[in-house]
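What follows is a short report on a single structure.
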Number of protein chains: 2
Amino acid sequence: MSDEAPWLDEAEMTTWLALIGVVMRLPGALEVQLRRDADLNHFEYCVLVGLEHAEGGTMRMSDLAFLCNGSLSRLSHVARRLESEGLIERFACPDDGRSTLARLTDDGRERLAQAAPGHVLLVRSLVFDELDDTEMRQMGEFAKRVLARIQA
Amino acid sequence: MSDEAPWLDEAEMTTWLALIGVVMRLPGALEVQLRRDADLNHFEYCVLVGLEHAEGGTMRMSDLAFLCNGSLSRLSHVARRLESEGLIERFACPDDGRSTLARLTDDGRERLAQAAPGHVLLVRSLVFDELDDTEMRQMGEFAKRVLARIQA
DNA sequence: CCTGAATCGTTGAACCTTCAACGAACCTAG
DNA sequence: CTAGGTTCGTTGAAGGTTCAACGATTCAGG
């Protein structure tokens, strides 16, 4: 871990409170819009976006779960819901009998199109409108470095 | 909202993916330690910490919910659990008959003491060890500005 | 006062996530 | 070949959060 002083000093505490505030409140803020525009929660939206960016709209469940920052179990439950709504479909991977592939359907793309414009507008209004280009890149770099530690 | 271009450019997307990665994975990373050391989830921990920093270890439910970045309903359910474990107690507010005050008990303080050292160490190892002092303050400032937008 | 609106907190049901257990497929060493 | 370990995904149960509805209290205006 670390060999530094045990508690956070004032500047660290200020930073931590702001960071944890964003972490706790951002998902809820995003979900209001997603629920209203496309009846999706944020994780479901991530799943659809992940598939949309994939080759052939298709991705392995494990890879998709990692990309969406969720557990495989979580994805499995969500995939069942999305499949029952006809937004994705699942089928066995021809190369590896253990794997399952998920593919975005046309209905899924359509649902995504309902959600995406409002989502991007909201993300802009909450984050990118507040930061100039330099700040935005710095923020991204910091987040990337912290994320690397969390994933390890 | 915003009148800018509808989609995120590459730099914005990189930033967004890193940010959302932290947002989605940080709570889980913190909860492993809290569960192990003190059998608490992150929101319960925030509640106890919030009370510890308050005058007399006492705070109004509404204020506590805001401080902990959660809904009042969520806090109410959690408070019932914490009270049944003897970590907090609730009583009517003498000044306003609608309000309920929550107070940290000695057992609550003890439980917090089990969790806190490991928590701080983990927070350091995930976030503050990665950033120098200038970067840490910048990150805090960015987060504070974004948080202000989310809260509005 | 008195009435309507707003605030505060709780509750139960619906929903979602986590966790542990499991079966199936693959891989590797002997 | 095959036995043991690993990876992959699913499942059901347990636990936590959200949502809408509610009762109680306070506040503002007439």
Side-chain angles (χ1 to χ4, degrees), chain A residues 23-36 39-47 50-51 58-85 88-103, chain B residues 23-36 39-48 50-51 58-85 87-103:
Chain A
V23 164
M24 299 278 83
R25 298 183 114 112
L26 190 50
L30 298 178
E31 270 173 35
V32 171
Q33 178 270 327
L34 292 172
R35 183 65 65 191
R36 173 169 47 72
D39 196 31
L40 294 170
N41 66 32
H42 185 246
F43 188 73
E44 290 167 338
Y45 178 78
C46 287
V47 168
L51 289 177
T58 301
M59 201 178 299
R60 223 166 53 109
M61 291 288 282
S62 286
D63 299 335
L64 188 53
F66 182 83
L67 183 70
C68 296
N69 302 294
S71 68
L72 186 50
S73 170
R74 183 181 187 179
L75 176 60
S76 184
H77 286 294
V78 167
R80 183 174 38 68
R81 295 202 297 270
L82 294 177
E83 192 170 34
S84 77
E85 290 190 72
I88 69 169
E89 52 194 9
R90 284 180 289 183
F91 54 98
C93 175
D95 301 338
D96 185 335
R98 294 168 299 181
S99 300
T100 301
L101 300 178
R103 176 165 47 215
Chain B
V23 164
M24 298 278 82
R25 298 183 116 112
L26 189 51
L30 297 178
E31 270 175 35
V32 171
Q33 178 269 326
L34 292 172
R35 183 66 64 194
R36 174 169 45 71
D39 196 30
L40 294 170
N41 66 31
H42 184 246
F43 188 73
E44 291 167 337
Y45 178 77
C46 287
V47 169
L48 298 184
L51 289 177
T58 302
M59 201 179 299
R60 223 167 52 108
M61 291 287 283
S62 286
D63 299 335
L64 188 53
F66 183 83
L67 182 70
C68 295
N69 302 295
S71 68
L72 186 50
S73 170
R74 182 180 188 179
L75 176 60
S76 184
H77 285 296
V78 167
R80 182 174 39 67
R81 295 201 297 270
L82 294 177
E83 192 170 35
S84 77
E85 289 190 73
L87 305 184
I88 69 169
E89 52 195 7
R90 282 180 292 181
F91 54 98
C93 175
D95 300 336
D96 185 336
R98 294 169 299 183
S99 300
T100 302
L101 299 178
R103 176 165 45 214

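Small disclaimer: the values here were computed from a predicted structure and weren't measured. Convention: sequence-line order gives letters A, B, ...; per-chain numbering from 1.
Between A:R90 and the phosphate of D:dG9, there is no side-chain N or O to OP1/OP2 separation shorter than 4.0 Å. Distances shown here put a side-chain N or O of A:S71 below 4.0 Å from the OP1 or OP2 atom of C:dT18.
A:R60 is not listed as a side-chain neighbour of A:T100, based on a closest heavy-atom distance of 4.5 Å or more.
Rounding to the nearest 0.5 angstrom, the gap separating the CD atom in B:Q33 from the CD atom in B:E31 is 10.5 Å. With values rounded to the nearest 0.5 angstrom, B:I88 atom CD1 is found 11.0 Å from B:L101 atom CG.
Across the protein-nucleic acid pair, A:L34 atom CG and D:dT18 atom P stand 15 Å apart, rounded to whole Å. For the pair A:H42 NE2 and C:dC16 P, the computed distance is 15 Å after rounding to whole Å. To the nearest angstrom, P of C:dT10 lies 12 Å from CZ of B:R60. Whole-Å rounding puts the A:R98 CZ to D:dT10 P distance at 14 Å. If you measure from atom CD of A:E31 to atom C1' of D:dT18, you get 10 Å, rounded to the nearest angstrom. The CZ atom of A:F66 sits 18 Å away from the C1' atom of D:dG9 (whole-angstrom rounding). One interatomic measurement links the two molecules: CG of A:D39 to P of D:dC19, which rounds to 12 Å at whole-angstrom precision. In this structure, CG of B:L40 is placed 11 Å from P of D:dG16, rounded to the nearest angstrom.
Applying the salt bridge (Lys or Arg N to Asp or Glu O under 4.0 Å) rule to pairs touching residues 88-97 of chain B yields B:E83-B:R90, B:E89-B:R103, B:D96-B:R98, sequence neighbours excluded.
Residues from residues 72-81 of chain B that place a heavy atom under 4.0 Å from any atom of DNA chain C, listed by number: B:L72, B:S73, B:S76, B:H77.
Of all heavy-atom pairs spanning A:F43 and A:L75, the tightest one is CE2-CA, 4.0 Å. Residues A:S76 and A:M61 share a closest heavy-atom pair of CA-CE, 3.9 Å. Nearest approach of B:A102 to B:L64, heavy atoms of both residues: CB-CD2, 4.4 Å.
In the set C:dC8, C:dC16, D:dT7, the nucleotide with an atom closest to the side chain of A:N41 is C:dC16. For B:S62, the side-chain atoms get nearest to C:dG9 when compared with the rest of C:dC26, C:dG9, C:dC16.
A:E85 places no side-chain N or O within donor-acceptor distance of the main-chain N or O of A:L82, the cut-off being under 3.5 Å.
B:F66 does not carry B:R74 over the face of its six-membered ring by the limits of under 6.0 Å from the centre and within 45° of the normal.
Each of A:R35 and A:D96 was assigned the nucleotide of DNA chain D with the nearest heavy atom; the assignment lying further toward the 5' end belongs to A:D96.
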Pairs under 3.5 Å (N/O, protein and nucleotides 1-5 of chain D):
none

